[in-house]
Every structure is written in C-alpha cells, then in structure tokens.
Protein chains: 2
Amino acid sequence: MTKSENGDAVDRILEQWARERPDLDVSPMGLIGRLGRCAALLEHRLDVVFQQYGLSAWEFDMLATLRRAGAPYRLAPTELFSTMMVTSGTMTHRLKVLEGKGWIVREACSQDARSTLVRLSDAGFALIERAVEAHVANEHAILSALPARSVEALQKRLAELLAALEPENH
Amino acid sequence: MTKSENGDAVDRILEQWARERPDLDVSPMGLIGRLGRCAALLEHRLDVVFQQYGLSAWEFDMLATLRRAGAPYRLAPTELFSTMMVTSGTMTHRLKVLEGKGWIVREACSQDARSTLVRLSDAGFALIERAVEAHVANEHAILSALPARSVEALQKRLAELLAALEPENH
DNA sequence: AAATGTTATCTTGAATTCAAGCTAAATGCG
DNA sequence: CGCATTTAGCTTGAATTCAAGATAACATTT
C-alpha cells in the first residue's frame with residue numbers, strides 16, 4: 001500500500017508540497033485544508049434536506065433566524081444582515097425573494113419610519129417548523145458516523161478555534 | 001453587543017432554539033455551526049494575504065494546484081476542476097481570466113486533440129512561488145493563537161470527520 | 001467504415017453575492 | 001430651530017458560480 005492511497009485528498013496535497021517545496025513547513029494546511037473541505041462537504045449534505053422542503057440554504061437560514069427569535073417572529077433587516085454576515089444589498093434581494101414566495105411579510109416600524117420590519121408569515125412559520133425538524137435529524141444522522149466521544153472532542157476544539165478567530169478577539 | 005456573556009455566536013443560537021423548540025436536540029448545530037463559521041472566518045483571513053499578491057482565493061488555488069503538480073507544471077482542465085470541486089463551466093471562466101493575466105498558457109495536447117492543457121507561465125510560476133511562502137506563514141500565524149496540542153488534536157479530529165464525509169465513503 | 005456511446009471542453013443564462021454609492025429618516029449640537 | 005452626522009435600507013453594476021446543453025474528438029462495437 002502506498003501512502004497516497006491511505007490518506008485523504010488533503011494528505012495528497014501535503015505530499016505534493018513536501019516534494020516540491022521541502023523548505024516550507026506546510027503542516028497548517030492539514031488543519032485548514034481539512035476544515036475547508038469538511039465545511040464544503042457538510043454544506044452539500046445539508047442542502048439535500050433543504051431541497052426536500054423547497055428551500056435553499058440561505059432561505060432556510062433566513063426563516064430559521066426569524067423563527068428562533070421567538071414571537072412575534074419579527075426582526076429589522078439590519079439585525080438580520082448583521083447576524084448573518086451578509087451585506088445590506090444581499091439582504092434586500094433575499095427579502096424580495098422571500099416576500100414573493102409568501103414566507104415573510106413586511107411591516108412599517110412604529111418607532112423608526114426608516115425601517116420596515118420583517119415578519120414570518122403563517123406559511124413561513126409552518127414551513128420552517130417542519131424543515132428545522134428534518135434539518136436537525138439530518139445533522140444527527142451525519143454525525144452518527146463518528147463515535148460520540150469524537151464528536152464531543154471536535155466540538156470543544158472548534159469552540160477554541162472559533163474563539164481565536166472571532167473578529168473582536170484580534 | 002457581541003462581546004457580552006460567556007459563549008460565542010453559536011451558543012446564542014443554541015440558546016434560542018432551546019427556548020423556542022425544547023423538543024429538539026439541536027446539539028449537532030454546535031459542531032456544524034462552529035465549523036461553518038470557522039471556515040468563513042479563516043477564508044477571510046487567508047484572503048488578506050492573497051490580496052497582497054494581487055490574487056483572489058481561487059486564483060491562488062489554481063496557481064498552487066499547477067505549481068505543486070511539479071514540472072512541467074501542466075495539467076488538463078478536467079484534472080483541475082475535478083480536484084478543485086468546481087464545474088467545467090467555472091473552469092473555463094477561470095482559465096480565461098488567468099490566461100488574460102498572463103499567469104498560464106494553453107497548449108494543445110498531443111495525445112488528445114479535445115484537450116488543451118494548462119501550464120504555468122514563468123510569470124505565474126514566479127508569483128505563486130512567492131505567494132505560497134506568504135500564505136504558509138500566514139497560516140502559521142493564525143494557528144499560533146492556539147496551543148500546539150490543541151492544533152494537533154483538532155487536526156486529528158477533522159481528519160476523522162473528513163473521512164466520514166468524503167463522497168466515496170457513503 | 002459506420003453507428004453508437006463516452007469524454008473533454010465550452011457556451012449560455014440564471015442565481016447569488018458584494019462593494020460602492022444613493023435616499024430618507026433620525027439624532028446631536030450649537 | 002438649522003445644519004451636520006449617523007443610521008436604515010435600497011439600487012446598481014460587476015464578479016463568481018452552477019446547471020443544462022452544445023460541440024468536437026475519441027473509443028467501441030457492429
């Protein structure tokens with residue numbers, strides 16, 4: 001058995017760099033490369049369930065954000081795009097699409113005439129209520145491929161890394 | 001508004017779900033949410049260095065893939081887009097851009113007239129040679145925020161997860 | 001050799017995103 | 001009050017991506 005058949009795609013990249021640039025210590029690529037690849041593959045796996053409910057990932061995310069905010073399931077666009085790490089222009093587009101599909105409604109804000117609040121419609125509420133159940137079940141299924149102890153360990157280490165990366169910490 | 005309590009952005013999401021949907025065990029969101037967020041933040045951090053060399057992330061990735069393949073730094077488009085997880089249409093566009101910038105050249109394939117191979121130009125080679133050094137240094141700097149043992153542990157757990165997620169394994 | 005199927009690549013059109021800049025409303029300050 | 005500044009949201013244009021399908025070359029079978 002050769003080395004390259006044992007490891008994953010990232011191992012193969014590390015081997016190539018070791019051969020071509022032995023002067024560089026490319027070991028951080030192991031962690032960062034795998035993390036990126038895991039994220040991409042997970043995204044794909046989650047999309048499968050979203051599509052079963054006629055949702056894209058960002059549509060699920062929008063409805064879920066409004067849903068978990070609690071009654072009356074209403075937030076300002078600014079709050080939405082700042083928590084979701086997208087620009088205001090992206091949010092304008094998303095709101096138009098969701099309103100067109102009847103999952104949200106827009107309401108004037110009594111405190112601030114500049115702001116038109118966003119609220120889950122009954123249809124949007126009913127949809128996300130079912131979709132989030134399937135989504136959570138999907139996540140459980142995906143992680144069941146690993147022993148519970150590995151999941152817990154990974155979870156702890158990622159929390160550490162996230163703390164080190166969060167914008168306010170540097 | 002963000003600094004406040006103990007816990008990160010993902011903890012706040014978990015708390016909201018626990019309040020709104022106590023019937024669901026949303027614990028997998030802890031791992032999957034943090035992983036996604038780490039990936040997004042890391043992407044941003046890596047971009048900083050890419051931009052210093054006039055590169056976008058995908059441009060760096062393309063040049064790096066050709067570079068680490070070894071002399072004569074030449075690959076077929078199919079090999080490129082399959083290892084990089086993008087479609088053939090995306091690859092066509094990328095090749096046009098890189099060719100326009102003079103970092104790659106295209107050459108007919110003697111074995112297969114359908115294929116026009118892609119090769120690093122001298123300029124492309126010189127650029128990626130410097131950029132990869134800065135990139136690796138950047139990755140070292142980012143991970144230096146964590147103790148070496150944490151990095152090693154995280155790396156091992158991610159390799160486990162990646163093995164469970166790789167397409168051929170399910 | 002002709003027919004059939006497969007492979008490599010490109011084209012097209014739509015979706016999604018961001019950066020930059022715009023308008024309107026709220027707020028602060030003299 | 002009157003003017004400057006900030007904030008909320010939207011508009012525009014460009015970049016990036018993919019899905020679907022077109023094209024051309026290769027491979028296999030008849």
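Given the structure is predicted, the values throughout are model-derived calculations rather than measurements. The chains referred to below are lettered A, B, ... by the order of the sequence lines, with proteins before strands, and numbering in each begins at 1.
Side-chain atoms of A/Gln155 come within 3.5 Å of backbone N or O of B/Leu31 as a donor-acceptor pair. Distance alone, capped at 3.5 Å, places no donor-acceptor pair between the B/Thr90 side chain and the B/Val86 backbone.
The base of C/dC10 is paired with the side chain of B/Ser88 by a donor and an acceptor separated by under 3.5 Å.
With salt bridges taken as basic N to acidic carboxylate O contacts below 4.0 Å, none links A/Glu59 and A/Arg94. At a threshold of 4.0 Å, the pair B/Glu20-A/Arg68 does not count as salt-bridged, since none of the basic side-chain nitrogens sits closer than that to a carboxylate oxygen. Using a 4.0 Å cut-off between charged nitrogen and carboxylate oxygen, A/Lys96 and A/Glu99 do not count as a salt-bridge pair.
The listed nucleotides are D/dC18, C/dC18, D/dC10; the one nearest the side chain of A/Thr116 is D/dC10. Considering only the side chain of B/Val86, D/dC18 comes nearest among D/dC18, C/dT17, D/dT16. Of the candidate nucleotides C/dC18, D/dT17, C/dT17, C/dT17 has the atom nearest to the side chain of A/Trp58. Comparing C/dA19, D/dT17, C/dA8 by their closest approach to the side chain of A/Thr87 singles out C/dA19. The side chain of A/Lys96 approaches D/dT11 more closely than any other nucleotide in the set D/dT11, C/dC10, D/dT16. In the set D/dC10, D/dT17, C/dC10, D/dT17 carries the atom at the smallest distance from any side-chain atom of B/Thr90.
Closest heavy-atom contact between B/Met91 and B/Pro77: CG-O, 4.1 Å.
Within the 4.0 Å cut-off from OP1 or OP2 of D/dC10, at least one side-chain nitrogen or oxygen of A/Arg106 is found.
More than 12 heavy atoms of other shown residues, nucleotides or ligands fall within 6.0 angstrom of atom NE2 in A/His140. Atom CZ of A/Arg149 has 12 or fewer neighbouring heavy atoms from other residues, nucleotides or ligands inside a 6.0 Å radius.
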With 3.5 Å as the limit, what N/O pairs link the protein to nucleotides 25-27 of chain C?
| from | atom 1 | to | atom 2 | distance (Å) |
| --- | --- | --- | --- | --- |
| C/dA25 | N3 | A/Arg114 | NH1 | 3.4 |
| C/dA26 | OP1 | A/Ala113 | N | 2.9 |

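The nearest whole Å value for the distance from the CZ atom in A/Arg94 to the C1' atom in D/dT11 is 18 Å. At whole-Å resolution of the value, CD in A/Glu79 and P in D/dA8 are 10 Å apart. When the C1' atom of D/dA19 is taken as reference, atom CD of A/Gln51 falls 12 Å away, rounded to whole Å. Distance, B/Met85 CE to D/dT16 P: 19 Å, rounded to whole Å. For A/Asp61 and C/dT16, the CG to P distance is 14 Å, given to the nearest whole Å. The interatomic distance linking A/Met62 (CE) with C/dT17 (P) rounds to 10 Å, in whole Å. Across the protein-nucleic acid pair, B/Glu59 atom CD and D/dT16 atom C1' stand 11 Å apart, rounded to whole Å. Counting to the nearest Å, the P atom of D/dC10 and the CE atom of A/Met91 are 10 Å from each other.
Taking the nucleotide of DNA chain D with the nearest heavy atom to each of B/Val97 and A/His93, the more 5' of the two is matched to A/His93.
Within the 4.0 angstrom heavy-atom criterion, base atoms lie near B/Thr92.
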(request) Dot-bracket for DNA chain C, please, read 5' to 3', with Watson-Crick or G-U wobble pairs under 3.5 Å on both distances, ( ) within the strand, [ ] crossing, | other strand, . unpaired. (result) ||||||||||||||||||||||||||||||
(message) Go through it in stages, so that I can follow the logic: the residues are B/Arg37 and A/Met85, the test is side-chain contact (heavy atoms from CB on, under 4.5 Å), and I'd like the CA-CA distance, side-chain angles, deciding distance and then a yes or no.
(response) CA-CA 10 Å; B/Arg37 215 168 167 89; A/Met85 303 203 298; 4.0 Å; yes
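Linking ILVMFWY side-chain heavy atoms closer than 4.5 Å, directly or via other members, places B/Leu143 and A/Leu35 in a single hydrophobic cluster.
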